[in-house]
Amino acid sequence: MISVTLPDGTVNEYAAGITAGEIVMDIEGRKHDCVAASVDGIHKDFSTILDSDCSVEGISGFTDDGIHILRHSAAHLLAQAITSLYPDAKPTIGPAIDRGFYYDFADLPDFSESDLKSVQKKMHEIARRNHTVERVECSESELSEMFSSNPYKMEIINDKLEDGAGSTIYRQGDWYDLCLGPHVHSTAKLMHVRLTSVSSAFWRGDQNREQLTRIYGIVEPTKESLKATMSAIEEAKKRDHRKLGKDLQLFHVDEDVGQGLILWTPRGATVRTCLQNFISEHLTRQGYHQVYTPHIGKLDLYRTSGHFPYYQDSQYPPLVEKDMMAKLANEGCSCGELSNMMAAGDIEGYMLKPMNCPHHIKIYSSQARSYRDLPLRLAEFGTVYRWEQSGEISGMTRVRGFTQDDAHLFVTEDQIAEEVLGCIELVQVIFKALGMTDYRVRVGLRDPDSTKYVGASEKWDKAEEACRKAASSLDVNWSEEPGEAAFYGPKIDFVVKDVIGREWQLGTVQVDYNLPERFDLKYKGSDGELHRPVMIHRAPFGSMERFCGVLIEHFAGKFPTWLAPTQIHVLTISEKQVEYGRKVTAKMKEAGIRVELDDGDDTIGKKIRMRRKFQPAYMLILGDDEVENNSVSIRARNGDQRAGVDFDTFLSELVEEIESKSATPSLVPPQNE
RNA sequence: GCCACCAUGGCUUAGCGGUAUAGCACCUCAUUGGUAAUGAGGAGGUCGCGAGUUCAAUUCUCGCUGGUGGCUCCA
C-alpha cells in the first residue's frame, strides 16, 4: 500500500501500482475535467504508475497548466492528421503557445488556408476514435530507427539527447512522436479544436535553414469554452486599430506615399495632439526643455554616433550630396560602385535621422557645461526613419517613419538613479491617467560573461541597481533579463499586448555610457576638473504612432472625453431647432469643445445611427422642449440618456470632465433596467 | 527580406474568358420626424499597376505595388 496525499490534505491508502489517473478519478469522480495529474507537483500522465508515497492532484483543462497540456496534445493530433493526409510531410516541432498551439511541417508545399478544413475534419475523426495516448520509453537506437526518415527529428535526437540516453515517444493509434509529455490520456479529450491559420517559419528560427509550413490552432476543454474563445477572438478583431483607424477616420496609409508611412487624418491628429499636450505639461513640470531638431543630419554626425554605416540595414539609404554625385558621375562611377561606397561609409551626404540623440547631443555641446547645468533634460517629439523589413510593417504599430516622445538627459554619475526614477514616474502618471494597467516591464541587464559592453563594471553595477530600483517602484510585474542590456548601458522597457496578443515594446529608459564618450562630452565639476556626463535616453511611449495604435485598441475606439476626436455631436430633431443648435454649437466651440452639428433633414434615429460610428463621448438631442427650456438632452455612448439638462449646467460639467481627464464619460449616470 | 493568401466606386461586397452586382455613404426632391436606418430618384468603377496568352481578360499566366498571417531582425 502507498499513502497518497490529496489536494484537501487528507491521506488515502492505495494499492501500490495504481495509476495517477485512477487516483484523480477517485478524487474528482468519473466525469472530471482533468487532463493530467500533478504528482508531487510534477506534471504526469494519467498512466503513470505510482508505487511510493506521494501527493496527487488533478490538473483541470481549465487551468493554465491544463490548457497547456491540451494544446500540446492537440499539436500531436494535428501532426497525426497531416501525416495521414499528406504522407510526405515531415513533422518537426509542435509546441503549445500562449494562445493555442502550432506544428511546423517540412515537405508540405503549397498548403494553404483552404486546406485547413479537411485537416480539421481529420483531426475530429481521429479524436473521435478515442485512441489511448501511450508513453513509451525508447533507447537512442530505437529512436534513431523510428525517426530515420525524418531528418528534423533526427537532428533533435542528436542535439538534445545526451549520448546513449534514451527518451520517450507518445503513441496514439498508428502514429507516434518524439516527446517528453505529459499528454492527455485519450485523443477524445481533443474534440474541441479549431485550426486558425497557416504561415511559415524557419527550421529552428534560422532564416538560412529550411522554410517550414506552420499551422496554428486553438483547443479548449469543452464545446462551450471553445465557442467562448472563438467569439473572444472575433471581438478582439473588432478592436484592431487598423480596422478602427479606418472606421473612425483616425489615420491613413497610402501606397503612393510609401509603406509604413502614416498619414494622420484630422481625427487621429486630434488624439495625438491631446496626448502630446498632456505629455508636454508633465515634461515642463519635471524640468525638461523642449527642443526642435531637423529630420536629417550629415553623415559625419552619424559616423561619430556609430549609426552609419554600421546599421545600414535598418536605415533609409543616405542622401548623397549633389556635388559628390556630380563628381562621381564625371568619374564614371557605376551604381554598383556607388552602392559599395555607401556600404563602406565612404561617401558624403546626409541621412534621414534614425534617432534623435546626435542632434540633442549637439545642443548639449553647443555650450560649455558645468555641473550646475546638470541634469540637462532635452525633450522633443522627434520624428525618425527606419527601414523596417517590408513583411514586418503593420498598421501603426510597426512603421518606417515615426515620432518618438524622446528625451535625452545629460547627468552626472550620481544623478542616474534619481533621473531614471523620474522617467519611470512620468510613465506611470500617464499610463494611470489612461487606465493602462496591462503592461509588463523588462529590465535589461548585461550578460556577465560577455565583454561587448562599454563602461567600467562598477558604473554598470550602480546603473543596473538604479534600474532595478526604479522598476520595483512600479505597481506592475517586472523581470530582470540578463544579456538584454544594450552594449552601452542597462535599460528598462515597457511592453504591452495588442488585441491579437502580439507584444509591442512601447517605452524605454536606457542608460548610455557610450555616446558621451564618442562625442567627447564634458562638463566642469565642482572640483574644477572636466568630467564625462552620462546620458539617459527615454521615450516613455516609444512612438506616437505605436502608442496611439495601442491606445485605439485599449479604448476600442471609445476615447475618454478629453481625447475623443469629436467630443460632442449636436443633433437637431427638425428644422425648427436649427437656430438653437447653431447657437449651442457656437457656444461650445468658444469654450474649446470639439463639436459637430448635424442639422440635416434625416430623422433623429438616422442621425444617431450615422454619428455612432465615430464614437463621440456624447450626443446632444435638441427638440422643441430643449429650445423652450434652453436645455439639452444628453445621449451617452451606451445609449443611456439624461434629458432636460440646462445647457450652461451641461457645459460646465463637460468642461470639468475634460479638464480632469476623466477616464470614463460620466455626465449620464448609468441606467439599470 | 522569406513563405502562404488576398486586392472589384469612400466603405462592405456579388460575379465572371465577352468591360460588372448589391447595400451603406454621397447628391436631388418630397417628408419636419424625439433617441440604432422616412420615401423616391440620381451620380459615381479604364475591377491595384505593367506585361503576356487569347478574336476577346476584371476573370488565365508572369512581374511589380500594397495588404493580411507568420518567420527573421530591431542601435
Side-chain angles (χ1 to χ4, degrees), chain A residues 97 102 104 108-116 196-216 237 240 242-243 246-247 249 252-261 302 305-308 310-315 354-355 357-358 384 386-395 398 485-489 491 493 500 502 504-505 508 510 512 514-515 537 542 569 571-578 599-613 618-626 633-643 668:
Chain A
I97 53 174
Y102 68 79
D104 286 347
L108 185 58
D110 300 326
F111 187 86
S112 79
E113 219 122 303
S114 54
D115 301 315
L116 288 180
T196 51
S197 66
V198 181
S199 67
S200 76
F202 295 102
W203 170 236
R204 298 199 143 179
D206 182 345
Q207 63 176 327
N208 298 315
R209 304 207 55 183
E210 297 86 330
Q211 186 126 10
L212 310 171
T213 303
R214 175 171 295 184
I215 301 175
Y216 284 88
K237 277 186 188 158
D240 191 313
R242 291 165 299 190
K243 177 172 166 44
K246 200 179 264 182
D247 292 349
Q249 301 174 1
H252 173 67
V253 182
D254 196 295
E255 69 173 284
D256 290 338
V257 175
Q259 227 187 347
L261 300 172
Y302 299 102
S305 72
H307 291 120
F308 184 79
Y310 304 107
Y311 294 108
Q312 272 199 110
D313 286 352
S314 49
Q315 289 165 182
M355 294 194 119
C357 15
V384 298
R386 299 184 191 175
W387 188 264
E388 299 290 351
Q389 296 194 69
S390 63
E392 192 58 52
I393 288 167
S394 170
R398 181 67 115 242
F487 73 90
Y488 51 77
K491 60 176 183 172
D493 290 334
I500 38 182
R502 290 181 295 202
W504 298 103
Q505 181 186 315
T508 181
Q510 308 185 351
D512 182 358
N514 179 48
L515 285 178
H537 308 248
H569 285 269
L571 315 181
T572 55
I573 287 185
S574 77
E575 244 168 34
K576 288 181 280 177
Q577 300 88 29
V578 168
D599 58 2
D601 53 8
D602 286 323
T603 58
I604 193 67
K606 180 67 170 289
K607 287 181 183 178
I608 289 167
R609 192 182 172 84
M610 294 296 298
R611 296 277 156 175
R612 234 177 65 88
K613 75 169 184 174
Y618 302 106
M619 294 189 229
L620 298 186
I621 315 293
L622 308 181
D624 287 340
D625 297 348
E626 285 74 21
S633 171
I634 313 172
R635 184 184 207 277
R637 205 135 49 189
N638 64 1
D640 285 349
Q641 296 163 35
R642 181 176 157 205
V668 180

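Worth knowing before you read on, the calculation uses all heavy atoms, side chains too, and leaves out hydrogens, waters and symmetry mates. Quick caveat, the model's predicted, so the values are computed rather than measured. Letters A, B, ... are given to chains in the order of the sequence lines, protein chains preceding strands, and every chain is numbered from 1.
- Contacts of A:Tyr488 with the nucleic acid, taken as non-hydrogen atoms under 4.0 Å apart, involve only primed sugar atoms and P, OP1 or OP2.
- Residue A:Ser199 places none of its side-chain N or O atoms closer than 4.0 Å to OP1 or OP2 of B:C71.
- As rounded to the nearest Å, B:G1 and B:G42 have C1' atoms that lie 49 Å from one another.
- Atom name P, nucleotides B:U65 and B:C49: the rounded distance is 15 Å, in whole Å.
- A:Gly391 comes within 4.0 angstrom of a nucleotide base, judged by non-hydrogen atoms across all strands.
- Nucleic acid contact class of A:Asp625 (heavy atoms, under 4.0 Å, all strands): base.
- When the P atom is used for both B:A20 and B:U58, the distance is 11 Å, rounded to whole Å.
- Mapping A:Arg214 and A:Ile573 onto RNA chain B by nearest heavy atom places A:Ile573 closer to the 5' end of the strand.
- Looking at A:Thr213, its side chain does come within 3.5 Å of a backbone N or O of A:Leu108 through a donor-acceptor pair.
- Judged by closest nucleotide on RNA chain B, A:Lys613 is the one of A:Asp624 and A:Lys613 placed further toward the 5' end.
- In this entry the distance linking CG of A:Asp602 with C1' of B:C27 reads 13 Å, nearest Å.
- Nucleic acid contact class of A:Gly623 (heavy atoms, under 4.0 Å, all strands): base.
- Under the Watson-Crick or G-U wobble criterion, with both distances below 3.5 Å, B:U21 has no partner in any strand shown.
- Distance A:Gln641 CD to B:A36 C1': 12 Å, rounded to the nearest Å.
- Residue-level contact check: A:Met619 touches neither bases nor backbone, having no heavy atom under 4.0 Å from any strand.
- Using atom C1' as the reference point in both B:G44 and B:A37, the two lie 22 Å apart (nearest Å).
- Looking at A:Ser633, its side chain comes within 3.5 Å of the base of B:U35 through a donor and an acceptor atom.
- A salt bridge links A:Arg242 with A:Asp240: at least one charged nitrogen is closer than 4.0 Å to a carboxylate oxygen.
- If you check distances only, the side chain of A:Ser314 does reach the base of B:A75 with a donor-acceptor pair under 3.5 Å.
- If you measure from atom CE of A:Met355 to atom P of B:A75, you get 8 Å, rounded to the nearest angstrom.
- Considering only side-chain atoms of A:Tyr216, the nucleotide from B:U12, B:C71, B:G33 that sits closest is B:C71.
- Nucleotide B:G69 forms a pair with B:C3, judged by Watson-Crick or G-U wobble geometry with both contacts under 3.5 Å.
- Within the 4.0 angstrom heavy-atom criterion, no nucleotide atom of any strand lies near A:Gln249.
- One finds a side-chain N or O of A:Ser390 lying less than 4.0 angstrom from the OP1 or OP2 phosphate oxygen of B:G1.
- Distance check on atom P: B:A30 versus B:G69 gives 48 Å, rounded to whole Å.
- A donor-acceptor contact under 3.5 Å links the side chain of A:Ser200 to the base of B:G70.
- Looking at heavy atoms from C-beta onward, A:Tyr102 lies out of side-chain contact with A:Ser199 at the 4.5 angstrom threshold.
- The residue A:Asp601 sits close to a base: some heavy atom pair falls under 4.0 Å.
- Distances were taken from every side-chain heavy atom of A:Ile604 (C-beta onward) to each of B:G34, B:U12, B:U32; the shortest belongs to B:G34.
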>> Using the rule given for side chain to side chain contact (heavy atoms under 4.5 Å, CB included), can you reason through A:Asn638 versus A:Val668, listing the C-alpha separation, both sets of side-chain angles and the distance that settles it, and then say yes or no?
In response: CA-CA 10 Å; A:Asn638 64 1; A:Val668 180; 5.9 Å; no
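- When rounded to the nearest whole Å, the span between CD of A:Gln259 and P of B:G67 equals 4 Å.
- Applying the 3.5 Å distance criterion, the base of B:G34 shares a donor-acceptor pair with the side chain of A:Glu626.
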>> As a quick check of understanding, evaluate side chain to side chain contact (heavy atoms under 4.5 Å, CB included) for A:Glu388 and A:Gln259, giving each step before the final call.
In response: CA-CA 10 Å; A:Glu388 299 290 351; A:Gln259 227 187 347; over 6 Å; no
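- B:C26: Watson-Crick or G-U partner is B:G42, with both key distances under 3.5 Å.
- Rounded to whole Å, the separation between the C1' atoms of B:G48 and B:C3 comes to 22 Å.
- Using a 4.0 Å heavy-atom distance criterion, A:Leu571 is classed as making no nucleic acid contact.
- Base pairing analysis places B:C49 opposite B:G63; the two distances defining the Watson-Crick or G-U wobble pair are each below 3.5 Å.
- Distance check on atom C1': B:U8 versus B:C71 gives 31 Å, rounded to whole Å.
- Remark: the separation of the P atoms in B:G18 and B:C47 is 15 Å, to the nearest Å.
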>> Is there a side chain to side chain contact (heavy atoms under 4.5 Å, CB included) between A:Leu515 and A:His537? Walk through the geometry before answering.
In response: CA-CA 11 Å; A:Leu515 285 178; A:His537 308 248; 3.8 Å; yes
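- At the heavy-atom level, A:Gln315 lies under 4.0 Å from base atoms of the strands shown.
- Taking 4.0 angstrom as the limit, A:Arg209 places none of its side-chain polar atoms (N or O) nearer than this to OP1 or OP2 of B:C2.
- If you take NZ of A:Lys491 and P of B:C74, they are 10 Å apart, rounded to a whole angstrom.
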>> For A:Arg398 and A:Trp504: C-alpha separation, side-chain torsions, deciding distance, then whether side chain to side chain contact (heavy atoms under 4.5 Å, CB included) applies.
In response: CA-CA 9 Å; A:Arg398 181 67 115 242; A:Trp504 298 103; 3.7 Å; yes
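- Distances from the side chain of A:Gln389 to the nucleotides B:A75, B:C73, B:C2 place B:C73 closest.
- Considering only side-chain N and O atoms, A:Lys606 lies under 4.0 angstrom from the phosphate OP1 or OP2 of B:A25.
- Judged by distance alone with a 3.5 Å cut-off, a donor-acceptor contact links the side chain of A:Arg398 to the base of B:C74.
- Of the candidates B:A36, B:C2, B:A75, the closest approach to any side-chain atom of A:Gln211 belongs to B:C2.
- For the pair A:Leu571/A:Asp602, no side-chain contact is recorded, criterion being any heavy-atom separation below 4.5 Å from C-beta on.
- Using a 4.0 Å heavy-atom criterion, one finds that A:Phe487 contacts no nucleic acid atom at all.
- Each of A:Asp625, A:Thr572, A:Asp624 was evaluated against A:Gln577; a single residue qualifies, A:Asp624, per the side chain to side chain donor-acceptor pair (under 3.5 Å) test.
- Atom-to-atom, NE2 of A:His252 to C1' of B:G67 comes out at 13 Å; the value is rounded to the nearest Å.
- Straight-line distance from the CD1 atom of A:Ile215 to the C1' atom of B:C3: 13 Å, rounded to whole Å.
- At the phosphate of B:U68, OP1 or OP2 sits under 4.0 Å from a side-chain N or O atom of A:Arg242.
- We find that CZ of A:Arg204 is positioned 16 Å from C1' of B:C71, with the value rounded to whole Å.
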